[in-house]
Amino acid sequence: MLIATFNINGTNARLPRLLEWLEEAKPDIACLQEIKTMTENFPVDVLRGAGYHCLVHGQKGFNGVAILSREPATEVQRGLPGDDSDEQSRYLEADVMGVRVASIYLPNGNPVPGPKFDYKLAWMERLRRHAAGLLATGLPVVLAGDYNVIPNDDDIWDASAMRDDALRQPESVAAYRQLLWQGWTDAVRSLHPLGGVWSFWDYQAGAWPRDHGFRIDHLLLSPAAADRLADAGVMKHVRGAEKASDHAPAWVRLR
DNA sequence: ATGCCGTGATAGTCACGA
């Protein structure tokens, strides 16, 4: 069972690449982020034609997450609990093929310091609380998405780069570790413990040809899911396509 | 120190990203 997470950076701009990738990789479940379109404008008919059911939590212009699945999915949670005033579409959770899956687009948080960084840390605290409840169910759970956190020095091409960025702030890293310490397994990290695996390369400054990337797209597995972990990685070649997203899909295969 | 590039909303450039 192949579960992937892919920040597509805009549905309209990326649909041809998304369809190519689905045809090539054939994920059973694909968690998408930054769909950047309203729910009603997401191309559900085109994707149904490509063999996928869609759950969509969209928003005009920014953010937006979706869960694509070969088998029908049952929506469990739309939006991250814990703040009724939060109108940003960054969380969607569903049951698919016996697994609880979430598509997560964690706030970027720049600039630091500032209200956006405060929002990021508050959002991570809400996620930590919600994730504790998920662990308590004992279900196989996969929290997949763009976490906008670079967890370790070897998760980036140059450990001194991004030091002042929200993605590498000690508070961001600490919040990510707190989440892990609840009992989650970072699937890609567990299969590549020495690091050196990137999931994002900036469009600017020749980051892709220079391989100046870092890892911010993660799949966190509950114990019941980690027991079934067979393999995990990043589909790096996807980033090399024409008109590619700046992210590549990260994935996990469960037995 | 800032922009680089890219996307979307909008009809100017601007917000936002990472």
Side-chain angles (χ1 to χ4, degrees), chain A residues 5-21 31-43 56-66 86-91 103-121 123-124 127 144-173 175-176 188 195 197-218 234 236 238-250:
Chain A
T5 179
F6 190 8
N7 180 322
I8 61 172
N9 187 21
T11 300
N12 290 336
R14 211 68 59 214
L15 187 57
R17 296 292 86 77
L18 174 61
L19 292 169
E20 285 172 8
W21 172 68
C31 298
L32 306 182
Q33 301 85 35
E34 283 207 89
I35 64 172
K36 290 185 171 180
T37 186
M38 291 184 286
T39 300
E40 54 268 39
N41 291 340
F42 195 75
V56 186
H57 183 31
Q59 178 180 340
K60 187 176 183 179
F62 303 110
N63 308 319
V65 290
D86 185 0
E87 299 189 343
Q88 300 190 31
S89 298
R90 297 178 174 276
Y91 189 92
S103 182
I104 292 171
Y105 179 45
L106 207 145
N108 169 302
N110 281 302
V112 181
K116 291 187 177 180
F117 190 58
D118 296 341
Y119 173 64
K120 175 179 195 158
L121 296 179
W123 204 96
M124 293 186 81
L127 177 62
D146 175 359
Y147 281 73
N148 272 317
V149 175
I150 303 166
N152 306 284
D153 277 347
D154 56 12
D155 287 318
I156 183 168
W157 88 96
D158 178 347
S160 68
M162 304 286 285
R163 268 283 161 74
D164 298 326
D165 196 280
L167 281 61
R168 191 71 189 114
Q169 284 300 297
E171 296 96 325
S172 307
V173 172
Y176 183 75
V188 173
V197 177
W198 323 141
S199 68
F200 173 91
W201 295 258
D202 203 295
Y203 289 121
Q204 304 181 60
W208 169 248
R210 295 173 187 211
D211 200 28
H212 287 181
F214 43 81
R215 190 175 69 96
I216 52 176
D217 298 276
H218 311 307
V234 172
K236 181 177 179 178
V238 173
R239 179 62 179 81
E242 290 296 317
K243 301 284 288 180
S245 169
D246 40 7
H247 295 250

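First the proteins, then the strands, lettered A, B, ... as listed; each starts at 1.
The side chain of A:A13 sits closest to B:dT7 out of B:dG17, B:dA18, B:dT7. Comparing B:dT7, B:dA18, B:dA15 against the side chain of A:F62 picks out B:dA15 as the nearest.
Contact annotation for A:N7: backbone-only contact, meaning every heavy-atom pair under 4.0 Å involves sugar-phosphate atoms and none involves a base. At a threshold of 4.0 angstrom between heavy atoms, the contacts of A:K120 with the nucleic acid are absent. Within the 4.0 angstrom heavy-atom criterion, no nucleotide atom of any strand lies near A:H212. Here A:Y147 lies out of heavy-atom contact (under 4.0 Å) with every strand. Residue contacts shown for A:N9 are limited to sugar-phosphate atoms, with no base heavy atom under 4.0 Å away. Using a 4.0 Å heavy-atom criterion, one finds that A:N63 contacts no nucleic acid atom at all.
At least one donor-acceptor pair under 3.5 Å links the side chain of A:R17 to the backbone N or O of A:E242.
Between the P atom of B:dC16 and the CG atom of A:D165 lies a distance of 16 Å, rounded to the nearest Å. Nucleotide B:dC4 holds its C1' atom 14 Å from the CG atom of A:D246, rounded to whole Å. In this structure, CD of A:E34 is placed 13 Å from P of B:dA9, rounded to the nearest angstrom. Counting to the nearest Å, the P atom of B:dC5 and the CG atom of A:D202 are 10 Å from each other. Counting to the nearest Å, the C1' atom of B:dA18 and the CZ atom of A:F117 are 14 Å from each other. Here the P atom of nucleotide B:dC16 and the NZ atom of A:K36 are 12 Å apart, to the nearest Å. We find that CZ of A:R239 is positioned 12 Å from C1' of B:dA18, with the value rounded to whole Å. Remark: P of B:dG6 and CG of A:N108 are 19 Å apart, rounded to the nearest angstrom.
Using bins of under 30°, 30° to 60° and over 60° for the plane-to-plane angle, the ring pair A:H218/A:Y176 lands in the tilted bin.
Of the residues A:F200, A:W198, A:W201, A:Y203, the one that meets the ring-ring contact (aromatic ring centres under 6.0 Å, His included) test with A:W208 is A:W201. Residue A:Q33 forms a side-chain hydrogen bond (donor to acceptor under 3.5 Å, both in side chains) with just one option from A:N9, A:N7, A:T5, A:N148, and that option is A:T5.
Closest non-hydrogen pair, A:D211 versus A:W157, comes out as O-CB, 3.8 Å.
Between B:dG6 and B:dA11, the two P atoms lie 24 Å apart (nearest whole Å). Taking the P atom of each, B:dG12 and B:dT2 are spaced 29 Å apart, rounded to whole Å. Nucleotides B:dA1 and B:dC16 are separated by 24 Å at their P atoms, to the nearest Å. The separation of B:dT13 from B:dA18, taken at their P atoms, amounts to 27 Å, rounded to a whole angstrom.
In this model, no side-chain donor or acceptor of A:N148 finds a partner on the base of B:dA18 within 3.5 Å.
We find that A:D155 and A:R168 are not joined by a salt bridge, their nearest charged nitrogen and carboxylate oxygen being 4.0 Å or further apart. Under a 4.0 Å N-O distance rule, the pair A:D158/A:R163 does not qualify as a salt bridge.
Where A:L167 and A:Y203 meet DNA chain B, the nucleotide closest to each residue was compared, and A:Y203 sits on the side nearer the 5' end. In this structure, A:A205 and A:R90 both approach DNA chain B, and ranking their closest nucleotides by distance from the 5' end singles out A:A205.
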Anything under 3.5 Å between a protein N or O and an N or O of nucleotides 10-13 of chain B, put it in a table, one pair a line.
none

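Annotation: side chain of A:I8 is in contact with side chain of A:I35 (closest heavy-atom distance under 4.5 Å).
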